[in-house]
Amino acid sequence: MKNYDFKAVEKKWQQKWEETGVFHAKQDFTLPKYYCLVEFPYPSGQGLHVGHPRSYTALDTVARKKRLQGYNVLYPMGWDAFGLPTENYAIKNHIHPEIVTKQNVARFKQQLQSLGFSFDWSREVNTTDPAYYKWTQWIFLQLYKKGLAYKKEMSVNWCTSCKCVLANEEVVNGVCERCGSEVIHKVKSQWMLKITAYAQRLIDDLDDLNFIDRVKVQQKNWIGRSTGAQVTFTATTGDPIEVYTTRPDTLFGATYMVVSPEHPLLEKWADKLTNMDEIRAYQNEAAHKSDFERTEVNKDKTGVELLGVRAINPVNGEEIPIFISDYVLVSYGTGAIMAVPAHDTRDWEFAKKFDLPIVEVVRGGNVEKEAFTDCATGVMVNSGFLTGLSVEDAKVKIIDWLTENGKGFKKVNYKLRDWVFSRQRYWGEPIPIIECPKCGFVPLDESELPLRLPEVESYEPTDTGESPLAKLTDWVNVKCPCCGGDAKRETDTMPQWAGSSWYFLRYCDPHNNDALASKEALEYWTPVDWYNGGMEHTTLHLLYSRFWHKFLYDIGVVPTKEPYAKRTSHGMILGENGEKMSKSRGNVVNPDEIVDQYGADTMRLYEMFIGDFEKAAPWNSDSIKGCKRFLDRTWGLQNIAKDGGIRAELEAEIHRTIQKVGEDIDNLKANTAIAALMTLLNRFYDSGAVTREELRTFVLLLNPFAPHLTEELWEVMDFGGVVTSQSWPQFDPAKCKDDSVEIAVQVCGKIKARLTVPADVSSADAIALAKADEKVAEAIDGKTIVKELYVPGRLVNIVVKM
RNA sequence: GCGGAUAUGGCGGAAUUGGCAGACGCGCCGGAUUUAGGAUCCGGUGGGCAACCCCCGUGCAGGUUCGACCCCUGUUAUCCGCACCA
């Protein structure tokens with residue numbers, strides 16, 4: 001036996017796979033298909049880290065197994081290459097971002113190829129390629145034409161460090177999701193996408209999808225649907241004040257109102273409010289607070305009462321005070337609330353601080369001590385015609401009353417906001433819109449796509465909030481396609497999430513110049529059968545791409561309502577100290593070094609063996625050795641190989657292993673699949689031999705995890721052909737069972753003995769055999785047997801009484 | 001605060017979903033081989049006890065059951081998501 005030279009062997013097979021194109025998806029649409037997808041990476045300057053291969057290897061094992069099972073598998077890879085880090089690097093080093101991207105992509109690609117993933121490289125896509133972003137822009141134009149893209153002056157999140165606006169989804173705890181810098185509010189005119197129009201469908205359609213639960217829960221929470229009522233209060237000025245509430249049943253307990261500091265009625269009432277100075281001061285203060293300050297928890301309630309205008313409760317005609325307070329948000333509901341301090345914690349705190357009346361309307365709590373909110377099963381009190389009803393009935397009755405009297409109606413609200421879609425940066429897709437003083441916004445004609453990014457001298461972002469593109473007067477100043485007059489191009493670009501919102505469609509037909517992909521290809525390949533990716537994208541990329549896909553479905557471009565049939569998510573790989581891997585913590589493991597030291601197969605195997613796929617797992621350099629040892633022992637099997645079929649004494653175990661490995665790969669339980677293969681390997685060594693047929697099966701089962709070594713072993717053993725053109729082993733359920741089994745014998749639940757019995761032994765015989773055992777006989781001697789039971793193949797339990 | 005999850009040896013993790021807890025791997029201990037180290041091979045390894053066929057043991061306290069890591073009630077800790085969303 002030759003020593004296993006992983007470096008030479010891995011290179012050899014990687015070249016062979018590339019030359020023969022064995023992993024290219026076939027263009028034959030009559031074959032059963034399987035579309036496996038992993039999130040395409042952002043090609044950063046740091047190169048791959050050990051987290052990337054966890055996801056890629058897991059679906060690579062699925063893809064490889066599915067191919068052996070006869071499926072036409074699409075397992076593609078590409079580059080999500082627009083974005084800030086590249087642009088910032090380019091600025092710092094005075095290199096064009098396109099060149100930086102090219103270098104990073106080359107590095108990533110080389111790293112991925114060194115790990116032996118079975119990607120179809122003939123379908124590689126790159127979001128920064130004009131032939132690609134032509135279609136990103138095309139989709140934007142379709143959204144615009146359907147009224148789902150609009151430009152609006154509004155208060156937006158502004159990252160002080162990126163010098164760029166952010167979507168709500170990109171603001172985490174009041175700071176920028178990417179760089180962690182402070183986010184402030186800025187009033188700017190921004191392109192928006194109307195994702196809210198799809199809020200209900202984005203919730204409803206989750207039901208039919210095979211997504212892991214936490215993804216569904218997180219998306220539902222983010223969309224934040226609630227049902228309640230919109231109620232019209234009337235101000236003493238005669239103006240209606242609309243509020244939204246989920247508790248219309250508590251309307252009789254509304255003792256004051258609160259409007260947000262930005263509420264438009266305040267300007268309207270400016271001349272009637274006697275304390276306008278105080279109000280303006282409060283508004284000003286609120287406007288200068290960052291998101292972080294404004295949403296800080298357990299913060300004291302603040303506010304100012306409006307003097308000169310009061311409100312009338314529509315249900316009882318009572319006049320109540322109105323306040324402004326920053327605990328009421330402009331962006332949610334109507335920007336105004338009715339306050340029911342007895343049954344809402346925030347209102348209660350506010351009422352206590354401003355000494356406002358607290359009227360109990362649902363019995364059961366002590367509203368002087370705290371707000372009684374957990375009152376869904378309570379009974380109404382102090383509530384006029386609602387008194388005596390259950391909360392549930394009161395809700396129905398009050399909504400009927402409001403509707404009949406024109407004072408309100410049933411209403412559904414969402415926390416989801418429209419998607420802020422423009423970015424004031426260079427390295428993104430140009431938005432293909434021209435603004436004409438006469439004609440307004442004019443979309444570029446589709447024949448002019450792609451609208452290429454122009455060359456610029458400097459990519460520096462500006463403090464004024466303008467895109468670097470704005471400085472290119474030659475590019476900006478154009479003639480209006482509509483009237484021929486002077487007009488200007490939109491200079492903002494699209495966010496990084498644009499290109500990734502539809503990339504999985506492009507893989508189906510990546511070189512198509514007439515459509516984002518052909519109808520036939522989409523019909524055949526979509527939806528993605530299995531998509532694995534990070535939890536951090538749940539309310540970003542995953543939600544955005546579902547939205548775009550639904551839109552494309554509505555306009556007849558794609559044949560399915562949903563892009564992904566199944567979504568799973570991998571846990572993070574942590575550093576050896578159990579902390580998140582990061583440069584600053586100095587615990588980063590470089591995958592190149594692992595491949596260099598142990599080989600790609602060991603790296604792959606270890607990443608799959610490291611633990612529960614869905615959970616975070618700390619890296620352990622000692623444990624890798626165990627995987628290397630296993631592969632070396634597998635290679636060594638050729639020394640004890642002999643002719644012959646599967647031996648009778650190993651038949652059941654081999655069939656069970658085939659079953660287990662297959663099922664475990666499908667269920668993301670690679671760790672136990674590998675454990676089963678290790679057990680089987682130990683059995684071969686224990687028996688001193690492995691037959692050719694046994695080895696053949698073993699090699700096939702191991703192939704998805706360790707593709708290089710198994711190909712080489714296949715070749716050395718002269719099994720014929722290559723592994724990639726074989727069939728996945730079949731198991732026979734009838735052969736998975738042993739003829740005899742070891743069972744435990746318990747007396748009163750305590751184990752007294754272990755017996756080997758025939759697998760098909762009858763209950764009576766098993767119990768008789770158990771009783772015949774010396775220790776069991778001793779334990780039950782002289783006692784009354786209360787109960788005897790036999791769990792087939794497991795145990796006998798004899799229950800006795802003294 | 002709300003929502004979701006998790007808790008098993010020295011470590012990563014198994015457990016056919018109510019039926020022999022600790023599979024598999026790491027680490028550790030002992031042995032073989034080696035000039036030595038490394039590598040490899042063999043044996044052992046949840047805890048207690050001198051030892052056992054004994055006792056204890058799946059975060060903690062109860063409960064249901066012939067039988068509970070698994071189901072129920074309560075509780076603690078950790079992680080994640082959302083967070084003044086009316």
Side-chain angles (χ1 to χ4, degrees), chain A residues 172-174 213-222 224-226 228 243-247 250 258 260 294-299 301 325-329 331-340 343-347 349-350 373 413-417 535-536 538-539 571-572 576 578 605-606 609-612 614-627 629-630 632-633 636 656 660 669 671-682 685 742-754 774-775 778 786-800:
Chain A
V172 176
N173 294 329
D213 246 17
R214 49 196 178 125
V215 168
K216 290 190 184 184
V217 167
Q218 220 166 290
Q219 288 205 343
K220 278 184 191 166
N221 284 348
W222 185 259
R225 181 194 148 102
S226 69
V243 303
Y244 171 73
T245 176
T246 55
R247 296 296 307 275
T250 61
V258 186
S260 68
R294 217 173 138 163
T295 60
E296 204 180 349
V297 275
N298 298 332
K299 181 185 70 167
K301 293 279 180 290
S325 173
D326 63 1
Y327 87 87
V328 173
L329 312 170
S331 55
Y332 184 75
T334 61
I337 61 156
M338 64 177 213
V340 184
H343 304 284
D344 182 283
T345 319
R346 298 151 301 180
D347 298 345
E349 282 171 21
F350 192 88
T373 55
N413 241 316
Y414 303 93
K415 290 191 214 171
L416 186 70
R417 303 268 70 93
M535 279 308 286
E536 71 275 17
T538 303
T539 53
M572 221 186 313
E576 286 207 67
L605 198 75
Y606 176 60
F609 191 61
I610 193 166
D612 186 332
E614 299 204 10
K615 287 194 207 141
W619 187 267
N620 184 312
S621 15
D622 280 333
S623 288
I624 303 167
K625 291 180 193 149
C627 293
R629 216 170 275 162
F630 166 70
D632 286 343
R633 273 158 61 81
R656 280 198 298 263
K660 178 142 187 72
K669 300 280 180 206
N671 53 336
T672 49
I674 294 165
L677 288 168
M678 287 172 167
T679 309
L680 185 57
L681 178 82
N682 291 341
Y685 275 103
E742 195 191 59
I743 60 164
V745 182
Q746 302 180 330
V747 175
C748 292
K750 297 238 176 216
I751 291 170
K752 292 292 171 189
R754 288 171 220 279
E774 203 182 315
K775 296 220 83 70
E778 196 181 305
V786 181
K787 194 171 190 174
E788 310 174 314
L789 50 97
Y790 173 58
V791 183
R794 302 267 169 241
L795 53 73
V796 167
N797 193 4
I798 300 170
V799 187
V800 295

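The analysis underlying the following values was restricted to heavy atoms, covering all of them including side chains, and did not include hydrogens, waters or symmetry mates. Chain identifiers are assigned alphabetically (A, B, ...) following the order of the sequence lines, protein sequences preceding nucleic acid strands; residue numbering begins at 1 within each chain. Treat the numbers as computed from the prediction; the structure is a model and nothing was measured.
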*Side-chain donor or acceptor of A:Arg417 paired with backbone N/O of A:Ser331 under 3.5 Å*: yes
*Verify, without hydrogens or angle tests, whether A:Asn797 (side chain) and A:Gly749 (backbone) share a donor-acceptor contact under 3.5 angstrom.*
yes
_Atom pair CG (A:Leu677) and NZ (A:Lys660), whose distance is rounded to the nearest 0.5 Å_ =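 Reported to 0.5 Å precision, the distance equals 10.5 Å.
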*Roughly how far apart are A:Glu349 CD and A:Tyr327 OH, rounded to 0.5 Å?*
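Nearest 0.5 Å value for the CD-OH distance: 9.0 Å.
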If I pick the [atom1] atom on [M] and the same atom on [N], what distance separates them, to the nearest angstrom?
| N | M | atom1 | value |
| --- | --- | --- | --- |
| B:C70 | B:A21 | C1' | 12 Å |
| B:U45 | B:C11 | C1' | 14 Å |
| B:G18 | B:G13 | P | 24 Å |
| B:G47 | B:G30 | P | 16 Å |
| B:A77 | B:G27 | C1' | 27 Å |
| B:G22 | B:G9 | P | 14 Å |
| B:A23 | B:G43 | P | 16 Å |
| B:U8 | B:C84 | P | 34 Å |

Is [X] touching bases, backbone alone, or none of the nucleic acid, heavy atoms closer than 4.0 Å?
| X | answer |
| --- | --- |
| A:Ile610 | sugar-phosphate |
| A:Ser226 | sugar-phosphate |
| A:Lys660 | nothing |
| A:Glu742 | base |
| A:Asn682 | sugar-phosphate |
| A:Ala616 | sugar-phosphate |
| A:Val243 | nothing |

Roughly how many Å is it from [atom1] in [X] to [atom2] in [N], rounded to a whole number?
| X | N | atom1 | atom2 | result |
| --- | --- | --- | --- | --- |
| A:Leu795 | B:G18 | CG | P | 15 Å |
| A:Tyr327 | B:C84 | OH | P | 13 Å |
| A:Phe609 | B:A23 | CZ | C1' | 10 Å |
| A:Arg633 | B:C26 | CZ | P | 9 Å |
| A:His343 | B:G1 | NE2 | P | 21 Å |
| A:Phe630 | B:C41 | CZ | C1' | 18 Å |
| A:Tyr685 | B:C24 | OH | P | 17 Å |
| A:Arg629 | B:G38 | CZ | C1' | 12 Å |

*Identify the heavy atoms of A:Val800 and A:Cys748 that sit nearest to each other, and give their distance.*
N-SG, 3.5 Å
*Residues A:Asn620, A:Tyr606; criterion side-chain contact (heavy atoms from CB on, under 4.5 Å); working and verdict*: CA-CA 10 Å; A:Asn620 184 312; A:Tyr606 176 60; 3.7 Å; yes
*So, is B:U78 syn or anti if syn means the angle is within 90° of 0?*
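Chi for B:U78 falls in the anti range.
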*When you check the glycosidic angle of B:G67, does it come out syn, meaning within 90° of 0, or anti?*
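Judged by the O4'-C1' to base torsion, B:G67 sits in anti, the angle falling more than 90° away from 0.
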*Before giving the answer on side-chain contact (heavy atoms from CB on, under 4.5 Å), spell out for A:Asn682 and A:Arg633 the whole-Å C-alpha distance, their side-chain angles and the decisive distance to 0.1 Å.*
CA-CA 9 Å; A:Asn682 291 341; A:Arg633 273 158 61 81; 2.7 Å; yes
*Full working for side-chain contact (heavy atoms from CB on, under 4.5 Å) between A:Thr538 and A:Trp222*: CA-CA 9 Å; A:Thr538 303; A:Trp222 185 259; over 6 Å; no
*Runs of at least three consecutive Watson-Crick or G-U pairs, both distances under 3.5 Å, are what I'm after; which ones involve RNA chain B?*
B:1-7 with B:76-82, B:10-12 with B:24-26, B:27-32 with B:40-45, B:46-48 with B:54-56, B:59-63 with B:71-75
*State, without any angle test, whether A:Thr539 and A:Gln218 hold a side-chain donor-acceptor pair at a distance under 3.5 Å.*
no
*Does A:Asn671 put a side-chain nitrogen or oxygen below 4.0 Å from OP1 or OP2 of B:A14?*
yes
*So, are A:Asp622 and A:Lys625 salt-bridged, with charged N and O less than 4.0 Å apart?*
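Answer for the salt bridge query: yes.
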_Using the rule given for side-chain contact (heavy atoms from CB on, under 4.5 Å), can you reason through A:Thr250 versus A:Met338, listing the C-alpha separation, both sets of side-chain angles and the distance that settles it, and then say yes or no?_
CA-CA 10 Å; A:Thr250 61; A:Met338 64 177 213; 3.7 Å; yes
*asked:* Can you tell me if A:Lys216 has over 12 outside heavy atoms packed within less than 6.0 Å of its NZ?
replied: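 Enclosed.
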*asked:* Using a 6.0 Å cut-off, check whether atom CE of A:Met535 has over 12 heavy atoms from anything other than its own residue.
replied: yes
*In residues 213-221 of chain A, which ones come under 4.0 Å of RNA chain B, going by heavy atoms?*
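The answer is A:Val217, A:Gln218, A:Asn221.
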*Look at the side chain of A:Lys415 against the base of B:C82 and say whether a donor-acceptor pair falls under 3.5 Å; ignore hydrogens and angles.*
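No.
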_Once you measure the plane-to-plane angle for A:Tyr244 and A:Tyr332, does it fall in the parallel (<30°), tilted (30-60°) or perpendicular (>60°) bin?_
perpendicular
*Is it the case that A:Lys301 places NZ or CZ above or below the six-membered ring of A:Phe350, under 6.0 angstrom from the centre and within 45 degrees of the axis?*
no
[X] has a side chain; which of [options] sits nearest to it?
| X | options | result |
| --- | --- | --- |
| A:Leu329 | B:A86, B:A83, B:G19 | B:A86 |
| A:Asp622 | B:G27, B:U6, B:A86 | B:G27 |
| A:Asp612 | B:C24, B:G13, B:G27 | B:G13 |

*Can you check each nucleotide of nucleotides 65-72 of chain B against protein heavy atoms at under 4.0 Å and return B for base, S for sugar-phosphate only, - for none, in 5' to 3' order?*
-B------
_Can you work out whether A:Thr672 or A:Tyr244 has the more 5'-proximal nearest nucleotide on RNA chain B?_
A:Thr672
_Of A:Gly626 and A:Thr245, the one whose closest RNA chain B nucleotide lies more 5'_ =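 It is A:Gly626 whose nearest nucleotide is closer to the 5' end.
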